There are 2 protein chains.
Amino acid sequence: MAVTIKDVAKLANVAPSTVSRVIANSPRISERTKETVREAMKELGYHPNFNARSLANKSTNTIGIVMPNSANKTFQNPFFPEVIRGISSKAHQLEYGLYLSTGQTEAEIFEEVQHMVQGKRVDGIILLYSRVDDKVVDYLYKENFPFSVIGRPYDEKKRDITFVNNDNFKAAKTVTEYLLLLGHKNIAFIGGNLDFVVTVDHMEGYRKALSNAGMELLDDYVVFHEELQEGGQEAVIDLMSLNDPPTAMIVADDIMTFGVMRMLSEMEMKVPDDVSIISFNNVMISELSSPPMTTVDIHIYNLGFEACNLLIDQILHPETGSKQVLIPHKMIKRQTTQKLIQNVTSTS
Amino acid sequence: MAVTIKDVAKLANVAPSTVSRVIANSPRISERTKETVREAMKELGYHPNFNARSLANKSTNTIGIVMPNSANKTFQNPFFPEVIRGISSKAHQLEYGLYLSTGQTEAEIFEEVQHMVQGKRVDGIILLYSRVDDKVVDYLYKENFPFSVIGRPYDEKKRDITFVNNDNFKAAKTVTEYLLLLGHKNIAFIGGNLDFVVTVDHMEGYRKALSNAGMELLDDYVVFHEELQEGGQEAVIDLMSLNDPPTAMIVADDIMTFGVMRMLSEMEMKVPDDVSIISFNNVMISELSSPPMTTVDIHIYNLGFEACNLLIDQILHPETGSKQVLIPHKMIKRQTTQKLIQNVTSTS
DNA sequence: ATGAAAGCGCTAACAA
DNA sequence: TTGTTAGCGCTTTCAT
């Protein structure tokens with residue numbers, strides 16, 4: 001059997017509890033005994049048993065990460081490694097471990113979450129997405145279990161949960177206004193899955209900018225797609241088949257933009273000459289498209305980092321209510337947008 | 001306090017041990033009592049405490065995933081979500097949980113691994129990379145702790161560890177041969193970090209194909225780069241500055257290829273007219289480059305799935321030595337390769 | 001087929 | 001400042 005606290009205690013000629021206190025670095029132990037105990041630990045190659053600790057002090061020092069359904073390819077989005085990198089970084093600082101959900105469907109995920117909290121497997125949970133109607137959030141909320149979400153709760157009544165978000169409404173509005181300023185009148189919107197709150201917010205920002213400009217939102221110009229690459233491509237087909245095809249597009253996600261640009265180039269449409277494009281996220285690879293894409297940097301890493309920060313805060317100080325953080329965004333102008341070139345042959 | 005086995009026992013009028021046996025579905029309990037106990041569990045909303053179980057039966061039913069240093073951007077490669085999806089899928093089937101490493105440097109990672117195994121936090125470990133000289137592998141090997149690696153051990157003496165790999169040597173050789181058949185004589189090789197075994201294998205395959213064709217490997221045509229996007233771009237600059245620039249390139253990774261193509265297009269070089277490119281991995285996004293890239297599909301998902309499979313096998317049956325699995329690869333011809341167009345003005 | 005009881009390795013309240 | 005001791009919630013012999 002492995003070395004236990006008792007072995008160390010015996011060798012150091014102290015009580016097990018003393019050893020325990022040395023591990024916790026309790027100030028109520030003299031430096032001298034701390035030293036002897038530490039030496040004993042080193043000599044025996046002692047390592048604390050994680051499960052025993054957790055059982056005894058009712059805390060696991062690990063946080064659960066719940067990802068959206070990994071069944072579809074959405075999951076290959078570099079967004080995820082990047083949030084996780086952010087979370088990971090903060091977690092490591094504070095010596096928390098990371099436990100990953102493995103469910104592929106909503107039902108499986110929900111069951112897993114229950115296991116995590118009821119089985120006391122984690123001290124808190126981070127949701128990497130925010131759905132419009134999410135059983136998981138409801139559950140965690142009712143159980144009063146520490147959690148934070150990346151995104152925002154859709155339900156206004158749940159404003160008091162902890163979350164970190166971008167101002168997606170504002171971002172989408174700004175981006176639309178920018179295209180308007182460039183002279184575009186026919187601006188399409190290619191959104192993600194409408195079940196996600198971010199999609200709704202983008203949509204509203206787009207709508208607001210149009211209405212501020214005294215323009216109407218045309219249903220034909222608005223497309224939603226769940227799948228990242230096929231989605232982008234299909235959307236382009238639909239949009240370019242219209243009698244009055246758009247001269248600019250707002251795309252929900254950089255990866256989708258790759259699909260959009262691919263299809264456009266197959267149709268021999270030039271970006272940005274024929275169509276301007278702006279998208280969201282600014283994942284690493286988005287500067288490598290041809291041409292490099294204009295996109296809104298949402299600081300993915302920071303989203304993860306802050307979500308973890310807020311969560312651990314909440315775990316450590318449950319009394320100090322919920323917190324909300326807004327991560328600033330920043331439009332990165334690259335080469336997929338330009339002033340509308342008036343088509344001389346066009347008639348109204 | 002939460003509901004425990006004792007509460008259930010009391011309500012069902014049995015001993016705690018009986019409840020425990022019902023959880024394990026022991027055949028030595030009558031169906032009748034099983035029923036009553038199950039009802040009691042439902043009535044009380046009982047969920048087994050994970051830590052208590054782990055402590056008592058010395059097994060966690062969770063496996064640790066160790067990623068390479070997430071400090072640099074390499075980590076944003078969609079390769080990772082995809083392997084994890086594979087691992088996750090198998091793990092979920094067999095009801096194993098996933099625990100993630102958070103270290104950013106080699107030293108931190110090594111320390112974490114020690115914690116995982118000594119602290120009995122996981123039952124086994126999957127390494128998502130294989131370095132030429134890896135302390136982690138050495139450690140796990142010496143401790144005789146169950147683990148599997150994605151890639152292969154560099155050291156021939158460690159052939160008896162469990163791993164799942166592609167035949168990267170063969171893949172690189174085939175790809176080189178293909179370019180040779182297309183008439184290319186000046187074929188460059190843009191590899192990843194030489195610390196990784198896969199890079200070495202690619203390199204050897206390339207070398208072998210050349211020597212089989214009676215050609216010499218030119219040092220100038222071989223470049224290694226750690227960083228994915230900058231790397232690709234820098235490599236192109238170096239290569240195209242040569243007196244006799246290559247007409248074809250073999251690139252270690254699809255994401256790097258995006259960088260390569262970006263830089264090429266900045267130089268107004270056309271792909272594949274001026275330069276043919278083949279790369280490796282076939283991540284989802286690689287079909288969305290312009291033009292879509294020819295690449296070797298290494299079946300990332302399967303790598304993860306099998307690595308997990310082998311590991312759990314090993315955990316459950318430690319006596320049945322190590323296993324090795326080779327995942328087949330497949331070249332996906334898209335549009336970044338073509339026959340060499342003889343330049344009429346060229347002289348030798 | 002079921003119960004009693006010891007123990008997994010650690011923490012924490014209480015004593016000293 | 002340190003030791004004693006009673007758990008944490010579950011599994012698992014050993015009885016019955």
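Residue numbering restarts at 1 for every chain, and letters A, B, ... go by the order of the sequence lines. Quick caveat, the model's predicted, so the values are computed rather than measured.
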Could you tell me how far apart B/L55 (CG) and C/dG9 (P) are, to the nearest whole angstrom?
7 Å

Starting at atom CD of B/E35, determine the distance to atom P of C/dT2, rounded to an integer number of angstrom.
13 Å

Provide, to the nearest angstrom, the distance between the CZ atom belonging to B/F50 and the P atom belonging to D/dG9.
16 Å

Listing time: all N or O pairs from protein to nucleotides 11-13 of chain D that are below 3.5 Å?
| unit_1 | atom_1 | unit_2 | atom_2 | d |
| --- | --- | --- | --- | --- |
| D/dT11 | OP1 | B/R53 | NE | 2.9 |
| D/dT11 | OP1 | B/R53 | NH2 | 3.2 |
| D/dT11 | OP2 | B/S20 | OG | 2.7 |
| D/dT13 | O4 | B/R21 | NH2 | 3.0 |

Just to verify, which of A/L303, A/I87, A/V149 counts as forming a side-chain contact (heavy atoms from CB on, under 4.5 Å) with A/L128?
A/I87

Minimum-distance pair of heavy atoms, taken over all atoms of B/T102 and B/E112:
N-OE2, 2.8 Å

To the nearest angstrom, how far is A/N13 atom CG from D/dT4 atom P?
12 Å

Mind checking salt bridge (charged side-chain N to carboxylate O under 4.0 Å, His left out) for B/K6 and listing every partner two or more places apart, or none if nothing turns up?
none

Are the side chains of A/S148 and A/E306 in contact, using a 4.5 Å heavy-atom criterion?
no

Specify the separation, in whole Å, of atom NZ of A/K34 and atom P of D/dT1.
9 Å

B/K323 and its side-chain hydrogen bond (donor to acceptor under 3.5 Å, both in side chains) partner, picked from B/D160, B/T162, B/N309, B/D313
B/D313

With respect to the phosphate group of C/dC8, does any side-chain polar atom (N or O) of A/T4 fall under 4.0 Å of OP1 or OP2?
no

Once you round it to whole Å, what is the distance between P of D/dG9 and NZ of B/K10?
13 Å

For B/S54, enumerate each residue passing the side-chain contact (heavy atoms from CB on, under 4.5 Å) test, keeping only those at least two apart in sequence or located in another chain.
A/N51, B/F50, B/T60

Considering only heavy side-chain atoms of B/N49, the closest of D/dC10, C/dT2, C/dG3 is D/dC10

Heavy atoms from C-beta onward define the side chain here; which of C/dC10, D/dT4, D/dG9 lies closest to that of A/P48?
C/dC10

What is the separation between atom CZ on B/R121 and atom P on C/dC10, rounded to the nearest whole Å?
14 Å

Are any side-chain N or O atoms of B/S89 and backbone N or O atoms of B/G86, one a donor and one an acceptor, separated by less than 3.5 Å?
no

Can you check the B/K6 NZ to C/dG3 C1' distance for me, whole Å?
14 Å

Remember a base hit wins even if backbone is also touched, and classify A/S54 as base, sugar-phosphate or nothing at under 4.0 Å, heavy atoms.
nothing

When we call it a touch if two heavy atoms are under 4.0 Å apart, what does A/D7 touch: a base, just sugar-phosphate, or nothing?
nothing

